[in-house]
Amino acid sequence: MIDLHCHILPGIDDGAKDLSESIKMAQKAVEQGIHTIVATPHHLNNRYENPKQEIIDRVIDLNKALLEQKIDINVLPGQETRIYGEMVEGVEAGEILALDGTQYVLVEFSSSHVPRYTEKLFYDLQMKGLVPVIVHPERNQELIERPDLLYRYVKNGALTQVTAASICGDFGKKIKNFTLQLIEANLTHFIASDAHNTGNRTFKMREAFDFIQAKYGNDMVYLFEENAQLVIEGNHVYKEVPERVKKKKFLGIF
Ligand code: FE
């Protein structure tokens, strides 16, 4: 299994505190059946600043440490980029680190809202040859209330990644249900861990895929697994035609 979103690099964001915690996370990932992790520290937000080259250097160091510890996992460089108005300029200046140097860029919104300029920015990013991958849309308040926004972004070429723990219900029933609605409406393309540690924000990939298999069958499992593989190869991913999220009827009274 490949994990496209993980805060495994030590000491640079709210993920692994130090190398020993990174090693513990890698051991946990192996137990889950993960063989490749894209390290995606927060790029820029009010709390962190992680330049591209520093991330690349730290990934090299972590791979060396994992080799020494004989932990069979490959870490690739990436970044979780908080959306900002000058993101295209950031791309032009070479500051944005796509997933292992492919065309896929993880884009994070704040947990409460979605900027008005998002649609234009996504268009501009795609004109630069990049594909925005919206991370955990199921945890964004505005998208929960206005899922048509997400439909528009996906229809216009953006991809999305839901978090494994959301599928497992770790963020509550409402977020779990919305995650499943996104899957059913073809509005998401990847499942990743967004793991920050081995405690309250751990991987949950095995558990999420077991749930997907039981509810939707093997085809859905293969689709998500293959899409993660296609991303790190820099290939096009599988996309079904997106649909609008259906408003759930309550007890048939409406
Ligand atoms: Fe994250």
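As the structure lists them, so they are numbered: ligands from 1, and atoms in each ligand from 1. This chain uses plain numbering: 1 for the first residue, then up along the sequence. Keep in mind the model is a prediction, meaning the values are calculated, not measured.
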Within the side chain of Glu54, is there an N or O that forms a donor-acceptor pair under 3.5 Å with the backbone of Asn50? no
Metal proximity, His5 vs the Fe ion (ligand 1), N/O/S cut-off 2.8 Å: yes
Donor-acceptor pair, Tyr104 side chain versus Asn235 backbone, under 3.5 Å? yes
Lys NZ or Arg CZ of Arg82 over Phe109 ring: under 6.0 Å, within 45°: no
Does Tyr153 have its ring centroid less than 6.0 Å away from the ring centroid of Phe122? yes
Tell me whether His196 has at least one N, O or S atom under 2.8 Å from the Fe ion (ligand 1). no
In this structure, the Fe ion (ligand 1) sits at the vertex of an angle between OE1 of Glu80 and OD1 of Asp194 that rounds to 10° as 170°
